[in-house]
Amino acid sequence: MPKHFLTLGDLTPAEVESLVNEALRLKKSPSDEKPLEGKSVAILFAKSSTRTRLAFEVGIYQLGGFPIFLDHATLQVGRGETLADTARVMSRYVDGLVVRTYEQSVLTELAEAASIPVINALTNSYHPTQAVADFATLLEKKGSLKGLKLAYVGDGNNVAHSLLLGGAMLGVDVHLAAPEGFEPDGAVVEKAKSFSAESGGSITITESPEEAVRSADAVYTDVWVSMGQEEETEKRRKAFGGFIVDEAKLKLAKQDCLVMHCLPAHRGEEISAGALDGKQSVVWDQAEYKLHAQKAVLKMVMGE
Ligand code: CP
Ligand code: NVA
C-alpha cells in the first residue's frame with residue numbers, strides 16, 4: 001500500500017513532529033538532494049489556489065521531480081469517468097497525486113484505487129499541509145511548541161480542523177472561538193482531545209473570541225466564507241460580526257503575540273489591515289513555509 005497524506009489524524013504525532021522539523025531544516029539548509037529524481041507528480045485541482053499550487057510545482061521541481069498541473073474541469077472525470085478509474089489510470093503514468101477538491105470522500109476514493117501516494121492539498125474538511133507550514137512558522141519564531149497558546153478565531157473549517165489535530169499532537173494549547181453553528185466538527189474535536197491527552201497540550205472550544213485571544217502566543221484567523229460556500233456569504237458575514245482579529249483583540253494577547261493567517265485574506269472582514277500588515281504579522285513567513293512544508297510531505301510519502 002502506498003503511503004498517503006490525507007489528514008494529520010492518520011499520522012502519528014512523531015511523524016507530524018518530524019514533518020515540522022524537516023520543513024524548518026529545508027528552509028535553513030537548502031541542499032541539492034533530489035529524492036524525486038525521475039518521478040512525475042500530477043497536481044489535480046478542482047478549486048482555486050495561488051500558494052499551494054505554486055509551492056507544489058516549485059517544490060516538486062526543486063526535489064528533482066516533474067510536476068504536471070491538471071485542471072479538474074478538463075479531465076474526463078468531469079464527464080462521468082469514475083474517480084476510481086481515474087486513479088487507476090493515473091497510477092500507470094505518474095508516481096504521486098496531489099489533490100485539491102471538495103469532499104474528503106473524493107480523496108479517500110482516489111487513494112483507495114491508486115497504487116501511488118495521494119496528498120491532500122485542501123478539502124472541505126482538512127488542510128494538512130497548511131498546518132505543517134503553520135507549526136513550522138510557530139516553531140521558528142517561538143523556539144518550541146509545547147505549552148504555546150494558539151488562539152484560532154473564526155470559522156471551524158478545514159484550516160481549523162488541521163490546526164486542532166496538529167496542535168494537539170504537538171502539545172500546543174489550542175483555543176478556538178467560533179460563533180454558534182460554525183463550530184468545528186465534533187468528531188475532529190474529540191480526536192484532537194485524545195491526542196492532547198497524550199502530548200500534554202489542550203483543546204478549548206468557546207464562542208468568545210476575547211476569551212480565546214487572552215494571553216495568546218499566536219492569534220490565527222481564516223476567511224469566513226470558504227471556497228464552495230459563496231451562497232452563504234451574507235449569512236456568514238452576519239454571524240461572524242464580532243470575530244474580526246483587530247488591534248483591540250490583539251491588546252488582550254501577549255505583547256509578543258504573532259498574527260497568523262493562511263491567506264488569502266480579506267482586510268476589514270476576518271482581519272483588520274492593521275493586524276494583517278502590522279509588526280506582529282508572520283503571514284508572509286507562513287506562505288513561504290508552505291514551500292518547505294510541502295517538500296517535507298513529498299519527501300515523506302515519495303522520497304525513498
Ligand atoms: N493558503 C492556501 O492554501 O492558499 P491557496 O488557496 O492560494 O493555495
Ligand atoms: N478555508 C479556506 C482556506 C483557503 C486556503 C477555504 O477553504 O477556502
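The figures that follow rest on heavy atoms only: side chains count, while hydrogens, waters and symmetry mates do not. In listed order, ligands and their atoms are each counted from 1.
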K.L.:
Cation-pi between Arg53 and Phe45: NZ/CZ under 6.0 Å from ring centre and within 45° of the ring axis?
P.N.:
no
K.L.:
Can you tell me if Asn157 and Tyr126 form a side-chain donor-acceptor pair at under 3.5 Å?
P.N.:
no
K.L.:
Has Lys39 got its NZ or CZ under 6.0 Å from the middle of the six-membered ring of Phe66, at an angle within 45 degrees of the ring axis?
P.N.:
no
K.L.:
Does an N or O from Met227, backbone or side chain, lie closer than 3.5 Å to an N or O of ligand 2?
P.N.:
yes
K.L.:
Return the closest protein heavy atom for atom 7 (O) of ligand 2 as residue, atom name and distance.
P.N.:
Asn158 ND2, 2.8 Å
K.L.:
Ligand 2 versus Asp155, non-hydrogen atoms closer than 4.0 Å: side chain, backbone, both, neither?
P.N.:
neither
K.L.:
Between atom OG of Ser281 and atom CG of Leu276, what is the distance when rounded to the nearest 0.5 Å?
P.N.:
5.0 Å
K.L.:
What's the separation between atom NZ in Lys149 and atom NE2 in His175, rounded to the nearest 0.5 Å?
P.N.:
4.5 Å
K.L.:
Does Leu263 reach ligand 1 with a nitrogen or oxygen that is under 3.5 Å from one of the ligand's nitrogen or oxygen atoms?
P.N.:
yes
K.L.:
If you measure every N/O of Lys47 against every N/O of ligand 2, is any gap under 3.5 Å?
P.N.:
no
K.L.:
Taking atom types as modelled, find out whether Glu247 and Ser272 have a side-chain donor-acceptor pair closer than 3.5 angstrom.
P.N.:
yes
K.L.:
Any idea how Phe182 and Phe240 line up, ring-wise: parallel (<30°), tilted (30 to 60°), or perpendicular (>60°)?
P.N.:
tilted
K.L.:
Between the candidates Thr52, Asn158, Val223, which shows the shortest non-hydrogen contact distance to atom 2 (C) of ligand 1?
P.N.:
Thr52
K.L.:
Do you see a donor-acceptor pair shorter than 3.5 Å between the side chains of Thr137 and Gln286?
P.N.:
no
K.L.:
I'd like to check which ligand 1 atoms, numbered from 1 as shown, lie under 4.0 Å from a non-hydrogen atom of His127.
P.N.:
2 (C), 3 (O)
K.L.:
May I ask you to identify, for Thr52, whether its side chain, its backbone, both or neither come under 4.0 Å of ligand 2 on a heavy-atom basis?
P.N.:
neither
K.L.:
Report yes if Gln130 has an N/O atom closer than 3.5 Å to an N/O atom of ligand 1; otherwise report no.
P.N.:
yes
K.L.:
Within a distance under 4.0 Å of any heavy atom of Thr50, pick out the atoms of ligand 1 and give their elements.
P.N.:
5 (P), 7 (O), 8 (O)
K.L.:
So is Lys47 in contact with ligand 1, going by heavy-atom distances below 4.0 Å?
P.N.:
no
K.L.:
Under the side-chain hydrogen bond (donor to acceptor under 3.5 Å, both in side chains) criterion, do Asp134 and Tyr289 qualify, and how do the steps go?
P.N.:
CA-CA 7 Å; Asp134 299 337; Tyr289 258 114; over 6 Å; no
K.L.:
For atom 4 (O) of ligand 1, which protein heavy atom lies nearest, and how many Å away is it?
P.N.:
Arg51 NE, 2.9 Å
K.L.:
Against heavy atoms of Asp222, which atoms of ligand 2 measure under 4.0 Å?
P.N.:
1 (N), 2 (C), 3 (C)
K.L.:
Any chance you could measure Asp246, atom CG, to Ile271, atom CD1, to the nearest 0.5 Å?
P.N.:
9.0 Å
K.L.:
So, His261 versus Glu270: side-chain donor-acceptor pair below 3.5 Å or not?
P.N.:
yes
K.L.:
Heavy-atom contacts with Lys290 under 4.0 Å: which atoms of ligand 1 show up? List them by number with element.
P.N.:
1 (N), 2 (C), 3 (O)
K.L.:
Evaluating non-hydrogen atoms only, which member of Ser125, Ala121, Ser226 is closest to atom 6 (C) of ligand 2?
P.N.:
Ser226
K.L.:
Give the residue and atom name of whichever protein heavy atom lies nearest to atom 6 (O) of ligand 1, and the separation in Å to one decimal.
P.N.:
Arg100 NH1, 2.9 Å
K.L.:
So if I count the atoms of ligand 2 from 1 in the order they appear, which ones are less than 4.0 Å from some heavy atom of Leu263?
P.N.:
5 (C)
K.L.:
Any nitrogen or oxygen of Pro264, main chain or side chain, under 3.5 Å from a nitrogen or oxygen of ligand 1?
P.N.:
no
K.L.:
Using distance alone, decide if ligand 2 has a nitrogen or oxygen within less than 3.5 Å of any nitrogen or oxygen in His127.
P.N.:
no
K.L.:
Which residue and atom name correspond to the protein heavy atom nearest atom 4 (C) of ligand 2, and how close is it?
P.N.:
Leu122 CD1, 3.9 Å
K.L.:
Using distance alone, decide if ligand 2 has a nitrogen or oxygen within less than 3.5 Å of any nitrogen or oxygen in Arg100.
P.N.:
no
K.L.:
With sequence neighbours left out, which residue pairs that include part of residues 90-114 fulfil the salt bridge (charged side-chain N to carboxylate O under 4.0 Å, His left out) condition?
P.N.:
none
K.L.:
Is there a donor in the side chain of Thr52 and an acceptor in the side chain of Lys290, or the other way round, less than 3.5 Å apart?
P.N.:
yes
